[in-house]
Amino acid sequence: MKTLREQLAMFNIADFNRQLTIPTTRYQGSKAKLMPWLWSHLQELSFDSALDAFGGTGVVGYWLKSQGKKVTYNDVLRFNYQIGMAIIENQRETLTDEDVRDILSPASGMKYQSFIADNFANIYYTDEENQWLDCVAQNINRLPSAYKQALAYYALIQACLVKRPFNLFHRRNLYIRTAEVARSFGNKTTWDRPFEQHFLSFVAEVNQLVFDNGEENRALHLDILNVPSGHDLVYFDPPYTTAAGASVDYLDFYHFLEGLVGYDQWPRMVDWHSAHRRLIRRDNLWTDKAKLRSNFRQLFDIHRHSLVAVSYRSDGMPAIGEIETDLKMFKRKVQSHYLSSYQYALSKQRTQEVLVIGE
Ligand SMILES: C[S@@+](CC[C@H](N)C(=O)[O-])C[C@H]1O[C@@H](n2cnc3c(N)ncnc32)[C@H](O)[C@@H]1O
């Protein structure tokens, strides 16, 4: 069996990297490293428009945009939607030096709120960093267009992620950064580099991701079951649930970013009983193991007239065989492609990435 490196080598990763500069930060379930493999299968299908239905980092939608497709990006979380707005829907706006100056310096005469400094002390960032975040989040809200705001949020989100151990907000663990102990993981230099430096480098990154592919691309932030049908291809990359029923709750992992992009509403969204100030939990069918199979079936039904591609893992719930069976209710031809030896960022377990295609 070929290793992941050997398999990816077949898809000319150098070309891929030249065409698509992807964020270096980790996001649970990101398909960034797998995109050449996914594309090797998707490109066999005939389609002009595509829905990236669980868009996350936007890497799949962005890749499809770069292939000249008309792309609709969707993710239920608003911070991800900002990424979709910045690099998929936005075709030409970038952040100028003047915009960046306005974001980074306190505006004269403006009275700033201190929600993060007041409520997140010793949880994720230092006091000084919290004050910086308060100021920048409020300045981003004052930018003159939704696309400029989205670009600035992109840079802020990436900066927040790289400064977090594990790139997550699931625990109150600033001490991991600050304790003087030997560590076998993470990068203290990156965590301690000032926010402003990270922000500026991500502004440069996102500015050069902006391009016009000549299509009217859209970003949405809807629950998946409310996303309209009518796309030639629909790509589903839902949260993964293990066979034992453990699932990834994206709102729990990334709640701080969701609060940050809704700064004015944040106080009303916080679960004040939680030590790490997560957001009040919302119902999500994708963390309810009793509903998973019927969720898939419902999606296949809604998008029955589209080509369907599903990313999942070989050891998940529902099983790949069940996904195939349900997709066959709506599709003439169903085929699964396996990529072996893909090791997930936080897991020791080896598992296979699978792409199920229904035509
Ligand atoms: C596996 S990740 C997608 C990763 C993405 N393909 C990438 O490469 O970055 C699943 C995504 O589904 C989103 N999500 C979870 N529940 C959702 C729902 N009910 N409707 C829409 N999106 C949802 C999460 O916010 C998360 O970003």
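Values in this document were obtained by computation on a predicted structure and should not be read as measured data. Read the numbers this way: they start at 1 and go in the same order the structure lists the ligands and their atoms.
- With respect to atom 22 (N) of ligand 1, the closest heavy atom belonging to the protein is Val76 N, 3.3 Å.
- At a 3.5 angstrom cut-off on N or O pairs, Asp75 counts as close to ligand 1.
- Residues Phe211 and Tyr62 bring their aromatic ring centres within 6.0 Å.
- Ligand 1 has at least one atom lying under 4.0 Å from a heavy atom of Leu222.
- Interatomic distance, Ile83 CD1 to Thr57 OG1, rounded to the nearest 0.5 Å: 7.0 Å.
- Counting only heavy atoms of the protein, atom 19 (N) of ligand 1 lies nearest to Asp223 OD1, 2.9 Å.
- Proximity to Gly55 (heavy-atom distance under 4.0 Å) selects the following atoms of ligand 1: 5 (C), 7 (C), 9 (O).
- Residue contacts with ligand 1 for Asn80 involve side-chain atoms from C-beta outward but no N, CA, C or O (heavy atoms, distance under 4.0 Å).
- Among protein heavy atoms, the minimum distance from atom 4 (C) of ligand 1 is reached at Asp237 OD2, 3.3 Å.
- When hydrogens are left out, the protein atom nearest atom 16 (N) of ligand 1 is Asn284 ND2, 3.0 Å; that is the closest non-hydrogen contact.
- Neither side chain, Gln28 nor Tyr250, offers a donor N or O lying under 3.5 Å from an acceptor on the other.
- Here the two rings, on Tyr125 and Trp191, have centers that are 6.0 Å apart or farther.
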- Message: Trp286 vs Phe54, test: ring pair (Phe, Tyr, Trp, His ring centres under 6.0 Å). Steps then yes/no.
- Response: CA-CA 11 Å; Trp286 297 88; Phe54 294 90; 5.2 Å; yes

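- Residue, atom and distance of the protein heavy atom nearest to atom 15 (C) of ligand 1 are Pro239 CG, 3.6 Å.
- With a 4.0 Å heavy-atom cut-off, ligand 1 is reached by the side chain of Val59 but not by its N, CA, C or O.
- Considering backbone and side-chain atoms together, Lys31 places an N or O closer than 3.5 Å to an N or O of ligand 1.
- With a 4.0 Å cut-off on non-hydrogen atoms, Tyr27 touches ligand 1 through its side chain and not its backbone.
- Which parts of ligand 1 touch Trp286 is read off a 4.0 Å heavy-atom cut-off, strictly below it: atoms 19 (N).
- Between Asp326 and Arg293 there is a salt bridge, since at least one side-chain N of the basic residue sits less than 4.0 Å from a carboxylate O of the acidic one.
- Here the two rings, on Phe296 and Tyr312, have centers that are under 6.0 Å apart.
- The protein heavy atom nearest to atom 20 (N) of ligand 1 is Ile224 N, 2.9 Å.
- A donor-acceptor contact closer than 3.5 angstrom links the side chains of Thr351 and Asp315.
- Among all non-hydrogen protein atoms, the one lying nearest atom 9 (O) of ligand 1 is Thr57 OG1, 2.6 Å.
- With ring centers used as reference points, Phe169 lies under 6.0 Å from Tyr124.
- Nearest to atom 2 (S) of ligand 1 among the protein's heavy atoms is Tyr250 OH, 3.3 Å.
- Taking a 4.0 Å cut-off on heavy atoms, Ser311 fails to register as neighbouring ligand 1.
- Judged purely by distance below 3.5 Å, without hydrogens or angles, the side chains of Tyr263 and Asp134 pair a donor atom with an acceptor atom.
- At a 4.0 Å heavy-atom cut-off, ligand 1 touches Phe54 through backbone and side chain alike.
- Checked by atom type, the side-chain pair Asn80/Tyr27 shows a donor-acceptor distance below 3.5 Å.
- Taking CG from Asp288 and CG from Asp283, the interatomic distance works out to 9.0 Å, rounded to the nearest 0.5 Å.
- Those atoms of ligand 1 that come under 4.0 Å of a heavy atom in Pro238, given as number and element, are 1 (C).
- Close contacts of ligand 1 with Leu77, meaning ligand atoms under 4.0 Å from a residue heavy atom, involve 25 (O).
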